[in-house]
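Comments concern the structure below.
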Amino acid sequence: MHSANHIIAAKNFGKSFQWGVAMSAAQNEGAAHLYGRGPSVWDVFVGNRSKIKGKPTVACDFYHRYKDDLLLTKALGFNTFRFSISWSRILPDGIGKINKEGIDFYHRVIDECFKLGLTPYITLYHWDLPYELEKKGGWTNYFVNKWFNRFVTVCAEAYGDKVKNWIILNEPFAFTSLGYMLGNHAPGKRGLDNFFPAVHHTALAQAEGGRIIRKLVPQAYIGTTFSFSEIVPYSDKKKDIEAANRVDVLMNRLFIEPALGKGYPREESFRLTERMHIHNKEWKYIERLQFDFDFIGVQYYFPLVVRYNSLIPLIQASDVKAKARKVPYTAMGWEINADSFYRTIKRIWNYDAVKEIIITENGSYFKDELKNGVINDEERIDYFQQHLHAVLKAKKDGVNIKGYFAWTLMDNFEWAEGFNARFGLVHVDFNTQLRTIKNSGYWFRDFLTGKI
């Protein structure tokens with residue numbers, strides 16, 4: 001499987017390249033009801049749903065094991081650690097009283113990073129809205145922007161003298177579409193009446209958050225992250241091409257274009273875009289939606305092949321599964337295609353206003369087997385090798401890529417998939433919390449220390 005063209009060296013990426021792992025509070029911390037933390041939408045959503053396997057209240061217990069987990073990050077050769085701050089750990093009610101224990105916890109994590117020579121990257125919002133705010137409508141409530149600005153201000157004032165690298169939002173399209181239109185993710189709302197305002201308030205939060213960090217944190221390096229997928233029409237029929245364009249508007253353009261000053265995207269064959277412009281009175285907000293980000297975080301997992309489907313409301317499109325097309329895919333059913341990753345990076349770079357790119361997430365889930373204390377996850381190693389080749393190729397083409405963060409350090413709570421979908425470089429036994437480094441983790445160590 002490891003063909004000659006997979007030979008790749010970390011030094012080819014340059015001395016200042018940032019090699020990191022990424023994780024999030026809701027997926028890793030646990031200690032959900034401890035130390036003054038208020039409930040998040042995910043705590044409540046999971047409690048109400050029998051189909052999510054396991055409970056995230058303990059997750060990987062990063063709250064109590066952060067020293068060991070950061071030591072692992074360092075031992076695997078990484079120099080950067082991306083994590084998120086739990087809004088309801090800092091502000092249990094979303095607004096109002098600050099929880100000192102929450103503030104102190106992230107100080108300990110940050111200080112430990114510095115002690116180990118890891119550069120911390122803080123993600124401000126990784127999907128875990130305080131439940132108290134959801135009761136008031138969450139992202140659909142116009143006041144969410146006031147609430148979010150307060151949260152960002154508290155974080156900037158607490159950590160801004162130490163931490164210079166800030167990510168405002170994690171994958172805004174994912175949490176607005178899955179949480180407020182399709183209902184598959186917390187808070188489980190559906191319909192355009194929820195989706196339109198959630199999108200608008202999120203797009204505003206993205207820019208406003210950037211402005212607050214810029215004002216309060218000297219020498220801040222500010223980005224935000226987007227999930228991108230290359231959207232490929234199933235055939236060259238006009239209907240398939242138009243279907244692919246509609247999906248592309250939502251999945252790839254909806255949040256980056258307003259941030260870059262272009263306003264919300266419009267697409268001829270997509271009446272929904274016009275409705276969104278009118279609903280959100282976009283012309284009034286175009287300047288407020290824009291922020292001059294220092295970098296754009298690209299999160300890539302798979303391409304999508306799309307065909308016209310009249311039965312699907314609004315977008316009239318559906319994806320053609322990788323399995324049906326007989327192409328390689330992960331245990332999530334996601335197509336493995338590093339060439340598509342390369343094209344995606346190039347496409348984002350083609351936006352004039354994009355100055356720098358960091359790959360803030362990339363990784364894969366395969367069905368790992370723990371045998372005699374060893375997880376030989378060859379397929380994951382292969383996945384990383386292919387995708388790192390794509391990054392290097394784009395870098396050599398002149399794309400200003402500053403770093404690559406693997407998703408994720410360790411197996412964790414994978415949202416609606418519960419604890420089933422394991423993306424980690426480190427295996428976690430969720431009963432005992434025992435960590436076992438997978439062979440992919442050892443591969444990264446050897447790759448990053450120049451042994452291979």
Side-chain angles (χ1 to χ4, degrees), residues 3 5 171-174 176-178 181-182 192 195 199 226-258 260 262-277 296 298-354 357 359 362 364 382-383 386-387 389-394 396-399:
S3 51
N5 66 354
E171 296 189 359
F173 176 67
T176 52
S177 63
L178 295 167
M181 185 169 71
L182 301 170
L192 289 181
F195 182 60
V199 165
F226 305 102
S227 47
F228 294 109
S229 281
E230 184 183 29
I231 311 296
V232 184
Y234 183 61
S235 76
D236 52 12
K237 288 186 191 142
K238 185 168 182 267
K239 280 192 160 178
D240 283 349
I241 292 167
E242 286 178 345
N245 285 341
R246 289 193 291 274
V247 173
D248 186 60
V249 161
L250 291 175
M251 286 187 74
N252 294 321
R253 297 173 54 197
L254 185 57
F255 285 95
I256 191 172
E257 291 187 3
L260 299 178
K262 296 172 167 292
Y264 293 113
R266 294 178 187 231
E267 173 59 41
E268 292 272 317
S269 80
F270 201 5
R271 289 211 311 276
L272 187 76
T273 53
E274 202 51 49
R275 279 169 65 189
M276 193 158 69
H277 277 263
I296 293 300
V298 170
Q299 316 212 141
Y300 172 91
Y301 291 94
F302 55 87
L304 274 183
V305 172
V306 165
R307 70 192 316 169
Y308 171 71
N309 183 342
S310 61
L311 301 175
I312 305 288
L314 305 166
I315 55 168
Q316 301 205 304
S318 55
D319 67 315
V320 185
K321 300 279 183 248
K323 192 177 179 180
R325 292 182 284 114
K326 298 190 169 42
V327 294
Y329 56 91
T330 69
M332 288 291 269
W334 297 346
E335 180 179 343
I336 302 167
N337 189 329
D339 293 334
S340 179
F341 184 30
Y342 165 77
R343 289 190 293 270
T344 299
I345 296 169
K346 294 285 293 236
R347 177 189 174 180
I348 304 313
W349 184 241
N350 281 338
Y351 283 114
D352 290 340
V354 173
I357 284 172
I359 308 305
N362 177 233
S364 58
D382 210 56
Y383 181 97
Q386 290 178 41
H387 287 74
H389 265 287
V391 174
L392 189 58
K393 188 177 170 195
K396 283 179 174 164
D397 286 353
V399 180

Close side-chain approach of [X] and [Y], heavy atoms under 4.5 Å:
X: Arg275; Y: Leu192; answer: yes
X: Thr273; Y: Tyr264; answer: no
X: Asn337; Y: Val327; answer: no
X: Asp319; Y: Val247; answer: no
X: Phe195; Y: Leu182; answer: no

Closest heavy-atom pair and its distance - [X], [Y]:
X: Leu260; Y: Ala353; result: CD2-CB, 3.8 Å
X: Asn252; Y: Ser229; result: ND2-O, 2.6 Å
X: Pro303; Y: Ser340; result: CB-OG, 3.2 Å
X: Phe255; Y: Val199; result: CE2-O, 3.5 Å
X: Ala317; Y: Val306; result: CB-CG1, 3.7 Å
X: Arg253; Y: Arg266; result: NH2-O, 3.9 Å

Please round to the nearest 0.5 Å and tell me the distance separating atom [atom1] of [X] and atom [atom2] of [Y].
X: Lys393; Y: Asp339; atom1: NZ; atom2: CG; result: 6.0 Å
X: Asn350; Y: Ile345; atom1: CG; atom2: CD1; result: 12.0 Å
X: Asn245; Y: Ile315; atom1: CG; atom2: CD1; result: 12.5 Å
X: Glu268; Y: Glu274; atom1: CD; atom2: CD; result: 9.5 Å
X: Asp382; Y: Ile336; atom1: CG; atom2: CD1; result: 8.0 Å
X: Ile296; Y: Ile357; atom1: CD1; atom2: CD1; result: 8.0 Å

message: For Tyr351 and Glu257, which I'm curious about, is there any donor-acceptor pair between the side chains at under 3.5 Å?
response: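 Yes, side-chain donor-acceptor contact under 3.5 Å.
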query: Got a sec, which pairs hit salt bridge (Lys or Arg N to Asp or Glu O under 4.0 Å) with one end in residues 301-311, sequence neighbours left out?
result: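 Residue pairs passing salt bridge (Lys or Arg N to Asp or Glu O under 4.0 Å), neighbours aside: none found.
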- prompt: Name the one of Phe228, Trp349, Phe226 that satisfies side-chain contact (heavy atoms from CB on, under 4.5 Å) with Val298?
  reply: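 Result: among Phe228, Trp349, Phe226, Phe228 is the only option passing the side-chain contact (heavy atoms from CB on, under 4.5 Å) with Val298.
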Near [X] [atom1], under 6.0 Å, is it more than 12 heavy atoms from other residues, nucleotides or ligands?
X: Arg347; atom1: CZ; result: yes
X: Tyr234; atom1: OH; result: no
X: Lys346; atom1: NZ; result: yes

- prompt: Relative to each other, are the rings of His387 and Tyr300 parallel, tilted or perpendicular (30° and 60° limits)?
  reply: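 Tilted.
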query: Do the rings of Trp334 and Phe302 sit parallel, tilted or perpendicular, given the 30° and 60° boundaries?
result: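 Judged by the thresholds at 30° and 60°, the geometry between Trp334 and Phe302 is tilted.
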With Ser269, the side chain to side chain donor-acceptor pair (under 3.5 Å) member among Gln316, Arg246, Glu242: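 When Gln316, Arg246, Glu242 are each tested with Ser269, the side chain to side chain donor-acceptor pair (under 3.5 Å) holds only for Arg246.
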task: Output, in order, the C-alpha distance, side-chain angles, deciding distance and verdict of side-chain contact (heavy atoms from CB on, under 4.5 Å) for Leu254 and Thr176.
output: CA-CA 11 Å; Leu254 185 57; Thr176 52; 5.5 Å; no
message: Check whether Asp240 reaches the backbone of Tyr308 with its side chain - one donor and one acceptor, N or O, closer than 3.5 Å.
response: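 Yes: the side chain of Asp240 pairs with the backbone of Tyr308.
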